[in-house]
Amino acid sequence: MLKIFNIRTSKKNEMIDITNKIQEFVTETNISNGICTIMVPHTTAGITINENADPDVRADMIKGINKIIPQELGYVHMEGNSDAHIKSSMIGASEHVIISDGRLLLGTWQGIYFFEFDGPRSRKVYVKLIEG
Ligand code: ZN
């Protein structure tokens with residue numbers, strides 16, 4: 001089963017919690033056990049799993065990643081968004097989560113995030129469930 005989610009981002013760098021959307025899809029399909037793959041078809045965005053309790057963690061992650069990968073570094077790519085391409089490859093374009101008893105088997109403090117690096121934009125997230 002494949003589902004495509006549309007996401008509208010509002011900032012250059014932004015983490016959007018998509019855990020509930022994905023859990024709702026798992027629940028709709030009635031899959032009890034399997035694997036959920038989440039993938040972004042973009043070169044300037046990513047998917048990551050991290051803390052969903054304190055929103056300050058998201059702010060600090062953006063602060064940290066912007067320090068590691070500065071927006072300006074004399075890049076030559078004429079589109080002017082090389083920082084976003086580097087961040088996308090560092091964070092990665094996909095994650096996998098085990099489905100157990102109809103639930104995403106995440107840790108207590110974990111959430112699944114769409115990571116925008118070159119917003120605001122209209123984005124897509126592909127979610128594929130494999131039963132087993
Ligand atoms: Zn580019």
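Values below: all heavy atoms of this structure, side chains included; hydrogens, waters and symmetry mates excluded. For this chain, numbers begin at 1 and follow the sequence in order.
- Defined by atom type and a distance below 3.5 Å, a donor-acceptor pair is missing between the side-chain atoms of His85 and Thr44.
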Problem set entry | side-chain contact (heavy atoms from CB on, under 4.5 Å) evaluation trace for Ile99 with Ser32 | CA-CA 7 Å; Ile99 302 164; Ser32 293; over 6 Å; no

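- Under the 4.5 Å side-chain contact rule for hydrophobic residues, Trp109 and Ile98 do not share a cluster.
- When the options Thr43, Asn13, Asn81 are evaluated for a side-chain contact (heavy atoms from CB on, under 4.5 Å) with Asp118, the one that passes is Asn81.
- In this structure, the separation between CD on Glu14 and CZ on Phe114 is 9.0 Å, given to the nearest 0.5 Å.
- One finds the CG atom of Asp83 at 10.0 Å from the NE2 atom of His77 (value rounded to the nearest 0.5 Å).
- Looking at every heavy atom in both residues, Phe117 comes nearest to Gly46 through CE1-N, 3.9 Å.
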For this session: Test Val127 against Ile18 for side-chain contact (heavy atoms from CB on, under 4.5 Å), laying out the working first.
Result: CA-CA 11 Å; Val127 181; Ile18 57 172; over 6 Å; no

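- Here the OG1 atom belonging to Thr27 is positioned 8.0 Å from the CG atom belonging to Leu104, to the nearest 0.5 angstrom.
- Glu51 and Tyr113 make their closest contact through O-OH, 2.8 Å (heavy atoms, listed as atom of the first residue, atom of the second, distance).
- Within a 6.0 Å radius of CD1 in Ile130, other residues, nucleotides and ligands contribute more than 12 heavy atoms.
- With hydrophobic clusters built from ILVMFWY side chains whose heavy atoms lie under 4.5 angstrom apart, Met39 shares a cluster with Leu2.
- The hydrophobic cluster containing Ile47 does not contain Ile62, counting ILVMFWY residues as joined when their side-chain heavy atoms lie under 4.5 angstrom apart, directly or transitively.
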Problem set entry | Step-by-step salt bridge (charged side-chain N to carboxylate O under 4.0 Å, His left out) determination, Glu28 to Lys3 | CA-CA 11 Å; Glu28 278 168 23; Lys3 186 156 184 168; 3.5 Å; yes

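- Between Tyr75 and Pro70 the shortest heavy-atom distance is OH-O, 2.7 Å.
- Contact check for Ser100 versus Asn33: side-chain heavy atoms found under the 4.5 Å cut-off.
- One N or O on the side chain of Thr29 and one on the backbone of Val26 form a donor-acceptor pair closer than 3.5 Å.
- The side-chain heavy atoms of Ile4 and Val125, taken from C-beta on, include no pair separated by under 4.5 Å.
- The two residues Ile112 and Asp17 make their nearest non-hydrogen contact at O-OD1, 3.4 Å.
- Residues Pro41 and Lys124 share a closest heavy-atom pair of CD-O, 3.2 Å.
- Between Thr9 and Gly119, the closest heavy-atom pair is OG1-CA, 3.9 Å.
- The line from CD of Glu95 to CD1 of Ile49 is 4.0 Å long, rounded to the nearest 0.5 Å.
- In terms of hydrophobic clustering, with Ile, Leu, Val, Met, Phe, Trp and Tyr side chains grouped at heavy-atom distances under 4.5 Å, Val57 and Phe115 are assigned to a common cluster.
- A distance of 13.0 Å separates CZ of Phe5 from OH of Tyr126, quoted to the nearest 0.5 Å.
- Among Lys87, Arg123, Lys11, the single residue meeting the salt bridge (charged side-chain N to carboxylate O under 4.0 Å, His left out) criterion with Glu116 is Arg123.
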Exercise. Going through the distances and angles, do Val97 and Leu106 end up as a side-chain contact (heavy atoms from CB on, under 4.5 Å)?
Worked result: CA-CA 7 Å; Val97 180; Leu106 292 163; 4.0 Å; yes

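- Taken together through direct or relayed side-chain contacts under 4.5 Å among Ile, Leu, Val, Met, Phe, Trp and Tyr, Ile68 and Ile86 form part of one hydrophobic cluster.
- Within the 4.5 Å cutoff, no side-chain heavy atoms of Lys128 are placed close to those of Met1.
- Looking at Gln23 and Thr19, their side chains never bring a donor and an acceptor atom within 3.5 Å of each other.
- Although no hydrogens or angles enter the test, the distance criterion places no donor-acceptor pair under 3.5 Å between the side chain of Ser122 and the main chain of Arg8.
- Note that CG of Asp54 is 8.0 Å distant from CG of Asp60, once rounded to the nearest 0.5 Å.
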